[in-house]
Number of protein chains: 2
Amino acid sequence: MSSLDAIDIELLAILQSDVSLSIEELAERVGLTKTPCWRRVQKLEKSGVIRRKVALLDAEILGLPVSVFAQVRTNQHNAEWAESFSRAVAELPEVVECYRMAGEYDYLLRIVVADIQAYDNFYKRLIRLNGITDVVSNFSMEQIKSTTELPIPRDGD
Amino acid sequence: MSSLDAIDIELLAILQSDVSLSIEELAERVGLTKTPCWRRVQKLEKSGVIRRKVALLDAEILGLPVSVFAQVRTNQHNAEWAESFSRAVAELPEVVECYRMAGEYDYLLRIVVADIQAYDNFYKRLIRLNGITDVVSNFSMEQIKSTTELPIPRDGD
DNA sequence: CGTGAAACTCGGGACTT
DNA sequence: AAGTCCCGAGTTTCACG
């Protein structure tokens with residue numbers, strides 16, 4: 001990275017909670033004027049700390065209220081298989097998160113679907129992938145919290 | 001909701017992948033002119049389908065490369081405890097996701113931290129909450145996929 | 001880093017079809 | 001609903017202190 005000072009951290013904290021503010025408002029909040037504030041935001045974008053700017057949609061309104069966590073086991077513990085699995089997962093829009101795990105199982109997936117039937121449909125497609133030996137599905141009943149805001153260290157940290 | 005047509009769906013799909021486009025570019029992509037496009041986006045924001053606009057930051061660059069999934073069990077199966085647990089979770093910035101689960105355990109949390117030590121620190125604070133009987137921590141070794149884009153049905157679906 | 005200002009783009013309202 | 005016209009506001013980039 002390129003050394004983030006306290007103002008940069010402040011800017012990032014604001015932007016990861018709301019990117020729709022004008023440069024003027026932003027500048028005011030961090031105690032700068034427009035131009036230097038704008039320069040900082042540009043730098044943050046170019047450096048890659050700000051990966052992208054997106055709209056977060058409401059899954060319930062869109063008829064996608066169900067999150068399912070699938071624990072996946074494989075017997076193919078080699079780089080090629082891992083690569084092909086990654087590519088497959090990237091192609092599946094229902095999979096919104098996928099992590100390679102330490103411990104009892106190999107991958108953890110979060111799958112977003114409309115209902116249980118839609119999950120079953122997805123599940124059948126998933127187990128069709130070669131090399132998967134076991135899938136355990138855990139259904140979420142309620143989303144208690146979901147944020148894209150990373151816990152970046154603030155003042156007293 | 002308020003009936004989303006094909007153009008609204010298109011707009012949402014674009015916006016959830018990139019909200020930094022100008023109304024003009026957006027309009028062009030969906031085959032409209034500025035004003036009607038702008039009106040639609042306004043409506044989508046007011047209706048709540050577009051919950052917010054945020055910047056997604058790079059966890060690695062910010063020194064937060066570790067995701068840990070904690071399976072939490074409780075012996076307090078009542079609404080009051082669930083309420084207090086939700087509030088506690090909301091206050092913990094390290095917890096970026098929390099779901100109430102069906103099945104063997106009660107809650108699944110994703111915790112974002114700098115390293116194993118930081119997780120241990122968080123863990124100690126977590127188990128200090130009353131009513132938690134068991135916490136199983138699963139460490140992620142690698143983030144294969146992570147997106148905020150919901151699988152909204154496109155054309156041939 | 002701040003100021004001032006230029007050039008330009010964008011947002012958003014009024015009005016028409 | 002959508003399109004056209006338009007003006008004010010915001011953004012972006014200067015030169016300079």
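Just so we're on the same page: letters track the sequence lines, and every chain starts at 1.
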Under the side-chain hydrogen bond (donor to acceptor under 3.5 Å, both in side chains) test, residues paired with B/Q76 that sit two or more places apart
none
Name all pairs fulfilling the ring-ring contact (aromatic ring centres under 6.0 Å, His included) condition that reach into residues 5-29 of chain B, sequence neighbours left out, sorted by first residue then second.
none
Write down the distance between CD (A/E28) and P (C/dC1), rounded to a whole number of angstrom.
18 Å
Please list, chain by chain and in numerical order, all residues satisfying side-chain contact (heavy atoms from CB on, under 4.5 Å) with B/E10, sequence neighbours excluded.
B/V30, B/R154
Would you sketch DNA chain D in dot-bracket for me? Only Watson-Crick or G-U wobble pairs with both distances under 3.5 Å count, crossing pairs as [ ], other-strand pairs as |, the rest as dots.
||||||||||||||||.
With sequence neighbours excluded, give me every ring-ring contact (aromatic ring centres under 6.0 Å, His included) pair touching residues 36-70 of chain B.
A/Y99-B/F69
Would you tabulate the side-chain donor-acceptor contacts of residues 77-84 of chain A under 3.5 Å, counting partners in other chains and residues two or more places apart, or write 'none'?
| residue | atom | partner | partner atom | Å |
| --- | --- | --- | --- | --- |
| A/H77 | NE2 | A/T74 | O | 3.2 |
| A/N78 | OD1 | A/E80 | N | 3.3 |
| A/N78 | OD1 | A/W81 | N | 2.9 |
| A/W81 | NE1 | A/N130 | O | 2.8 |
| A/S84 | OG | A/W81 | O | 2.9 |

Can you sort out the partners of B/T33 under side-chain contact (heavy atoms from CB on, under 4.5 Å), two or more places apart, ordered by chain and number?
B/P36
Distance in angstrom units between A/W38 CH2 and C/dT9 P, rounded:
15 Å
Do you see a donor-acceptor pair shorter than 3.5 Å between the side chains of B/R110 and B/S67?
yes
Does any pair with a residue in residues 126-147 of chain B pass ring-ring contact (aromatic ring centres under 6.0 Å, His included), and if so which ones, sequence neighbours excluded?
B/Y119-B/F139
Do nucleotides 1-10 of chain D as a string where each nucleotide becomes B, S or -: B if the base has a protein heavy atom under 4.0 Å, S if just the sugar-phosphate does, - if no protein is that close.
SBBBBB---S
